[in-house]
Amino acid sequence: MGKKLFPKIDQILHGGDYNPEQWLDRPDILEEDIRLMKQAHVNVVTLGVFSWSVTEPSEGEYHFEWLKEIMDNLYANGIYTILATPSGARPAWLDEKYPDAIRTSSKGVHHLHGQRHNNCMSSQNYKTLVRKMDHQLADRFGSHPGLILWHIDNEIGSECFCQQCRSRFQMYLKEKYDNDIDKLNHAWWTTFWSHRFNNFEQIDPPTSLGEKSIHGLNLDWKRFTTWNTVEFLINEVSVFREKTPDIPITTNFMHLYPALDYTKLAKEIDVISWDSYPRWNTAEESLYDTALGNAFDHVMMRSFKKDRPFMLMESVPSLVNWHDFNKLKRPGVHKLSTVQTLACGGDTVQYFQWRKGRGSYEQYHGAVIDHLGRSDTRVFRDVEEVGAMLAGLSELQGTLTLPRAALIYDQENKWAVEDAAALSKKTKNYPETCMRIFNIFERNGVDLDIISSEEDYSPYDVIVAPMLYMLKDGVAQALTDFVKRGGQLVATYFTGYVNETTLCYLGGFPGDGLMELFGLYAEEIDTLYPKERNGVCFTGNSPIQGTYSVKDYCELIQVQDAQVLAEYTEDFYKGTPAVTVKESGKGKAYYVAARADEDCMEHILLQIWEEQKIPLQKLPVGVEYHKRENETYSYEFYINYTEELQTISRETKGIDCLTGAVVEGEYQMEPMSSLIVKCKK
């Protein structure tokens, strides 16, 4: 069950991005870095992320002596290396000689040299130069005993609108539509507004200067951007697969990154890593609410590869420099966020960055070592405390979370929902809707995975699919099979309106066979103004009781053979069905036709969890719960984000991994504290 990410290291990884190339003229600082890393229990650093101008100051002139010396010294002191490829930012000589490596904006403006994340993924010159660098890195460092992971690029992504990308997009479309322009025209419904194409060469990427009204075009461009990025990723990955097949590979993902479908990139790497920078301690929400948002991201990353832990590649022990308001992490928050990373399935805690730079854009971005250069700062002591804690938790390595429930969050569906000229421009809120469902699970201590609509549903007993507007081929049948074998499915308004090319289903929504699964069809959908409210009232025949508030959307449905659980309370559709359920095979399919409040959704889920015998946790408000396990033990995590004592109740006896105390029955958690309970299975 599960596996350690790095078997030769019997520790949770603790460290972060290290940029010694900025300090090569200060050997005293490099020496002090090693001493302080050991004091902070750092056992891994990431090197080389933005070092291209140092390792190759001019084309073909390579300088790796400094890097070898750094890696040797780190390894001699028990510190391993994650070695990055430098493709996230280019030296000036490269852009001067190969301007096609630079991106072009959606308005056709060719960028100048500078910034980062601005390379053209289609540039063959750039791909060739990157591969040359990767071959050099693999040849020189692939057998280094301190190397444990290749890190491709850095926060890879974004889009380019140059002629190279335009041509590759047309090639992509030709392949997708079997070189049949009529097939594309039908899929995109281009007869509307007389936008029919005669050949693929007439098609431009969607921009504000040209065509943006064809939803199929917009969606295929986003799919192409992901495909093109995957091709660029493979260009690098293939070098290391060939030369160092035993060294795993990663690239760092970002929070709900809108430009890419990470499910496609995840297939090409061995380890999922991501960069977490939540806005802790805001005036708009509680610390607990912020933590739930961060947990959503952790769980999404964990769910990309369920058979192994993920890596927290970047976080910050203090503050960032790019939020609207760069607030310090309050005392205790860093430790709590570290435990949350472990609780959600992570096996590393790493920072950007180890030491603050003296100049340029990130000189004030948080780091373990400040410009003060001291180890008696609050931030360093926090990191040192976390490092000591992680050193005592090595037994967590490789343990997994094994949920019986899943939430469908589909990136391509998100693109389609956001692009649809329907509902409201301001309140579609697909990610927020999914997060609200996620939070209900979290508040009841029920772990779940976050999956795309195309994944295997067999591990789960409960699936929630909010606003699954676009149905990819096979998804409707997979959902039907899931219910018939005994699963319980919850879908909502705006489900199954369009196919993969955003053509509406004829004959009613939800389409592609889901009308039969839910036993109903949607006739209209009403968009409410921001201050408008409706309600849903559960009928006497329903096991759920009460009246609950509704905002934003009310779908008017016609029931065929489903059981009506709740009806609308207001407007001309008062008394019509709002929540239904239909038994199918051994399972049930629920349909919630309105954007009901969280209390309503929670009562529906409570009914489902009870029927499926999914255990809940009685958690005080402000306490987060998760569980990891292996063949022998389970590890249950409790995190108290409040400033008050909180009491939890446990039926089984366990040992707190942090203190060694026995935990059984009622247990009081101190304010801003965490608990990891180890139990024999």
Side-chain angles (χ1 to χ4, degrees), residues 254-258 274-300 312 314-341 343-344 349 351-353 356 361-368 370 377-379 381-383 385-386 424-443 529-531 533 549 551-552 595 597-599 601-602 619-625 638-646 669-674:
M254 294 172 281
H255 157 80
L256 294 183
Y257 184 56
W274 83 287
D275 302 344
S276 170
Y277 295 106
R279 290 168 169 80
W280 297 107
N281 302 105
T282 70
E284 291 76 25
E285 62 183 8
S286 70
L287 190 68
Y288 174 62
D289 289 331
T290 303
L292 288 183
N294 200 48
F296 182 91
D297 296 327
H298 278 320
V299 170
M300 178 177 289
L312 178 58
E314 290 185 24
S315 62
V316 67
S318 53
L319 79 172
V320 300
N321 71 324
W322 48 269
H323 285 169
D324 292 337
F325 301 92
N326 296 304
K327 187 82 170 172
L328 290 173
K329 265 186 176 177
R330 293 357 239 175
V333 173
H334 178 51
K335 187 174 182 180
L336 294 184
S337 65
T338 295
V339 174
Q340 184 192 50
T341 300
C344 292
V349 175
Y351 313 111
F352 181 84
Q353 50 191 328
K356 287 184 178 179
Y361 180 72
E362 290 179 318
Q363 67 188 119
Y364 297 114
H365 193 289
V368 180
D370 205 296
T377 63
R378 178 181 71 89
V379 170
R381 287 194 298 267
D382 281 354
V383 171
E385 179 187 11
V386 161
S424 164
K425 294 180 180 179
K426 296 182 178 180
T427 61
K428 289 176 185 172
N429 296 336
Y430 174 69
E432 293 80 1
T433 301
C434 292
M435 287 180 189
R436 282 194 289 269
I437 300 294
F438 175 86
N439 291 350
I440 296 170
F441 279 81
E442 289 288 297
R443 288 199 301 266
Y529 289 112
K531 292 184 179 180
R533 292 294 183 272
S549 179
K551 66 176 183 179
D552 297 338
R595 183 169 282 174
D597 63 27
E598 289 188 25
D599 284 345
M601 297 302 296
E602 184 168 25
L619 297 174
V621 175
V623 175
E624 183 180 356
Y625 170 89
Y638 300 85
I639 309 170
N640 178 12
Y641 294 99
T642 75
E643 300 282 353
E644 302 169 353
L645 285 170
Q646 298 289 0
M669 296 187 67
E670 295 293 323
M672 300 287 289
S673 69
S674 52

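Gln353 and Glu362 are not linked by any side-chain donor-acceptor pair at a separation below 3.5 angstrom, with hydrogens and angles left out of the test. Between the side chains of Thr427 and Asn429, no donor N or O sits under 3.5 Å from an acceptor N or O.
The closest side-chain heavy-atom distance from Met672 to Leu336 is below 4.5 Å. By the 4.5 Å heavy-atom criterion applied to side chains, Lys329 and Ser337 are counted as neighbours. Annotation: side chain of His365 is not in contact with side chain of Lys356 (no heavy-atom distance under 4.5 Å). Side-chain contact check for His298 versus Gln340: some heavy-atom pair is nearer than 4.5 Å. Under the 4.5 Å side-chain criterion, counting only non-hydrogen atoms from C-beta, Phe352 is not in contact with Asp275. At a threshold of 4.5 Å between non-hydrogen side-chain atoms, the residues Thr338 and Lys335 do not count as touching.
With sequence neighbours excluded, the residues forming a ring pair (Phe, Tyr, Trp, His ring centres under 6.0 Å) with Tyr430 are Tyr409, listed by chain and number. Listed by chain and number, the residues in a side chain to side chain contact (heavy atoms under 4.5 Å, CB included) with Met435 are Leu256, Phe296 (sequence neighbours excluded). Considering only residues two or more places apart in sequence or on other chains, Arg381 meets the side chain to side chain contact (heavy atoms under 4.5 Å, CB included) condition with Asp376, Arg378. Under the side chain to side chain contact (heavy atoms under 4.5 Å, CB included) criterion, Thr377 pairs with Leu372, Arg374, Val379, Phe380, not counting sequence neighbours. Every residue meeting the ring pair (Phe, Tyr, Trp, His ring centres under 6.0 Å) condition with Tyr351, not counting sequence neighbours, appears here in chain and number order: His14, His334. Judged as a side chain to side chain contact (heavy atoms under 4.5 Å, CB included), and not counting sequence neighbours, the contacts of Pro671 are Leu645.
Taking a 6.0 Å sphere around OH of Tyr364, one finds it holds 12 or fewer heavy atoms contributed by other residues, nucleotides or ligands.
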Determine, step by step, whether Glu624 and Glu442 satisfy the side chain to side chain contact (heavy atoms under 4.5 Å, CB included) criterion, reporting the C-alpha distance in whole Å, the side-chain angles of both residues, the deciding distance to 0.1 Å, and the verdict. CA-CA 7 Å; Glu624 183 180 356; Glu442 289 288 297; 3.6 Å; yes
Please report the C-alpha distance between Tyr277 and His255 in whole Å, then the side-chain angles of each, then the deciding distance to 0.1 Å, and finally whether the ring-ring contact (aromatic ring centres under 6.0 Å, His included) criterion is met. CA-CA 8 Å; Tyr277 295 106; His255 157 80; over 10 Å; no
Take Trp280 and Asn294 through the side chain to side chain contact (heavy atoms under 4.5 Å, CB included) test and state the conclusion after the steps. CA-CA 10 Å; Trp280 297 107; Asn294 200 48; 4.2 Å; yes
